[in-house]
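Scroll down for the structure; my scribbles are underneath it.
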Amino acid sequence: MTDSLPRTTLTSRLFRPADRHLWQLAWPIILSNISVPLLGLVDTAVVGHLEDAVYLGAVTLGAVLFSFLYWGFGFLRMGTTGMTAQAHGRGDYDTLRTLLGQGIMLALVIGGLLLLLGSPLISLGLSLMEANEATRELAHGYASIRLWSAPAVLMNYVILGWFLGLGNSRVTLGILVLTNAINILLDLAFVPGLGMTSDGVALASVIADYCASGAGLWLVVRQLARMPGHSERAALLSLAAWGELIRVNQHLFVRTLCLLGATAYFTSQGASFGDNILAANAVLLQFVMITSYGLDGFAQAAESEVGRAVGQNDWQRFARSVGAATRFSLMTATGASVLLWLCGPLLIGLLTDLPEVRALAITYLPWMVAMPLVAVWSYLLDGIFIGATATREMRNTLVISLIAFVGLWPWLEHYGNHGLWLAFLLFTGVRSAVLAGYYFHHRRHRWC
């Protein structure tokens, strides 16, 4: 009996109720994130077996273009999650319905505008990318087809954000698994089966996205049928009722543009050092992306839990949720750093067999070992601030961080690519530090 007591006590301390609840929210999100690169691998494998590499180049360019384009409207997911979680915490079911309707309407309006303005946007984006004329022409055709999925993709952002705000992250996993499964099957049917090329991959994505939005709307209807309250048409049509949604989303939009700007600036400066360093940096950035899958999962779970706590004005629950998210995030970041420290060269070898690129990536690997331990705070605090809908602070933080990045780089440029990685690490550190300052201020004066 005496031997079992310490073990029980240790288990209860390591896995508190708040930890278990946050994990239940986070694991479907993490699996959903992991499924995204799987689809990219299938697209690459299908097109990579065609007779000409130009098709693979076209799909790669088009996919990068749409990643940036759709990521820029990721505020539709983030803003919806925070506001929905708060309304859910208050038990305000009328507002839950209104937020969903407003978000879908906004997504359809933006999607419609993208359809109208898409052709010049695609031409502009492709003109900024290094590629030969044949690849750009095929990429334009690919992108012109993919553009038709814009309303469905943006509506899916709202639906996923709404369900996450309700604390139902398994819907996210179910919809993304369905989307990717349909996409993969259609890839195989259109390209090897019907003899299509990059246009077949684009068409498969469009059909899969609309299937996902259809499934999401079906789940929404089922959820609304079980939910008390009623929809208010006046709130959907009143400009005054849109004020909070517009405020939250405009701040998140500027924040995302700054983040995209920092990534583009880093890439462009790395390109000035030559193709081998550009390729080595691209390999190392894959490690940043992979680490983000775990950190984003816990941050998005924190969005839901923090939002509900704010809606309930329950600051003890707020503290428990932040504590649970912090513990899981730190474990993930530490594990990633240790893994990269011990196995980094092996992992680099799996991503590239070019000797020069591999040697350069190993040279700059120590920056990857440090990155998760610095970046973890920005992911975590983003989740907290989205849940609390403190989006002005997120916008200000990214503006300050981007200015610091661009301002520091001339002072570090003579250190070459090491200086570039140091500037990028400092950009991430400034982002974490400024958000932490806002957090402790609000914890003393607002979130208490």
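Throughout, residue positions are numbered sequentially from 1 according to the sequence presented.
- For Phe318, the ring pair (Phe, Tyr, Trp, His ring centres under 6.0 Å) partners two or more places apart in sequence, or in a different chain, are Trp315, Trp447.
- Applying the salt bridge (charged side-chain N to carboxylate O under 4.0 Å, His left out) rule to pairs touching residues 373-391 yields Arg255-Asp382, Asp382-Arg431, sequence neighbours excluded.
- Within the 4.5 Å cutoff, no side-chain heavy atoms of Gln223 are placed close to those of Leu100.
- Here the side chain of Thr81 pairs a donor or acceptor atom with the backbone of Gly161 at under 3.5 angstrom.
- Residue pairs meeting the salt bridge (charged side-chain N to carboxylate O under 4.0 Å, His left out) criterion with at least one member in residues 146-156, sequence neighbours excluded, do not occur.
- Applying the side chain to side chain contact (heavy atoms under 4.5 Å, CB included) test to Ala204 and every residue at least two apart in sequence or in another chain returns Asn183, Leu186, Asp187, Phe190.
- Under the 3.5 Å distance criterion, the side-chain polar atoms of Ser337 are matched with a main-chain donor or acceptor of Val369.
- With a 4.5 Å cut-off on side-chain heavy atoms, Trp377 and Thr326 count as touching.
- Counting only residues at least two apart or on different chains, no salt bridge (charged side-chain N to carboxylate O under 4.0 Å, His left out) pair has a member in residues 169-182.
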Yes or no on side chain to side chain contact (heavy atoms under 4.5 Å, CB included) for Asp209 and Trp148, after CA distance, side-chain angles and deciding distance? CA-CA 10 Å; Asp209 286 331; Trp148 286 99; over 6 Å; no

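- No side-chain heavy atom of Phe253 sits under 4.5 Å from any side-chain heavy atom of Leu76.
- A search for salt bridge (charged side-chain N to carboxylate O under 4.0 Å, His left out) contacts involving Arg395 returns nothing, not counting sequence neighbours.
- Formation of a donor-acceptor pair under 3.5 Å by the Glu303 side chain with backbone atoms of Gly165 is not found in this model.
- Taking Asp92 as the reference, Arg90 meet the salt bridge (charged side-chain N to carboxylate O under 4.0 Å, His left out) condition, with sequence neighbours excluded.
- Donor-acceptor pairing under 3.5 Å is lacking for the side chains of Tyr142 and Ser205.
- Side-chain atoms of Ser378 never come within 3.5 Å of backbone atoms of Thr428 as a donor-acceptor pair (strictly under, hydrogens ignored).
- Checked by atom type and distance alone, the side chain of Thr84 never pairs as donor or acceptor with a backbone atom of Trp162 at under 3.5 Å.
- Using bins of under 30°, 30° to 60° and over 60° for the plane-to-plane angle, the ring pair Phe385/His442 lands in the tilted bin.
- By the side chain to side chain contact (heavy atoms under 4.5 Å, CB included) test, Leu426 is found to be paired with Leu408, Leu412, Leu422, residues two or more places apart in sequence or in another chain being considered.
- Among pairs with a residue in residues 288-301, none fulfils salt bridge (charged side-chain N to carboxylate O under 4.0 Å, His left out), at least two apart in sequence or across chains.
- Remark: Val288 engages Leu285, Met368, Met371 in a side chain to side chain contact (heavy atoms under 4.5 Å, CB included) (not counting sequence neighbours).
- Taking Ser329 as the reference, Leu295, Phe298, Val376, Leu380 meet the side chain to side chain contact (heavy atoms under 4.5 Å, CB included) condition, with sequence neighbours excluded.
- Side chain of Asn156 to backbone of Ser213: a donor-acceptor contact under 3.5 angstrom is found.
- Using modelled atom types and a 3.5 Å distance limit, the side chains of Arg317 and Ser321 yield no donor-acceptor pair.
- Ring centers of Phe73 and Tyr157: at least 6.0 Å apart, outside the cut-off.
- With sequence neighbours excluded, the residues forming a ring pair (Phe, Tyr, Trp, His ring centres under 6.0 Å) with Phe266 are Trp421, Phe424, listed by chain and number.
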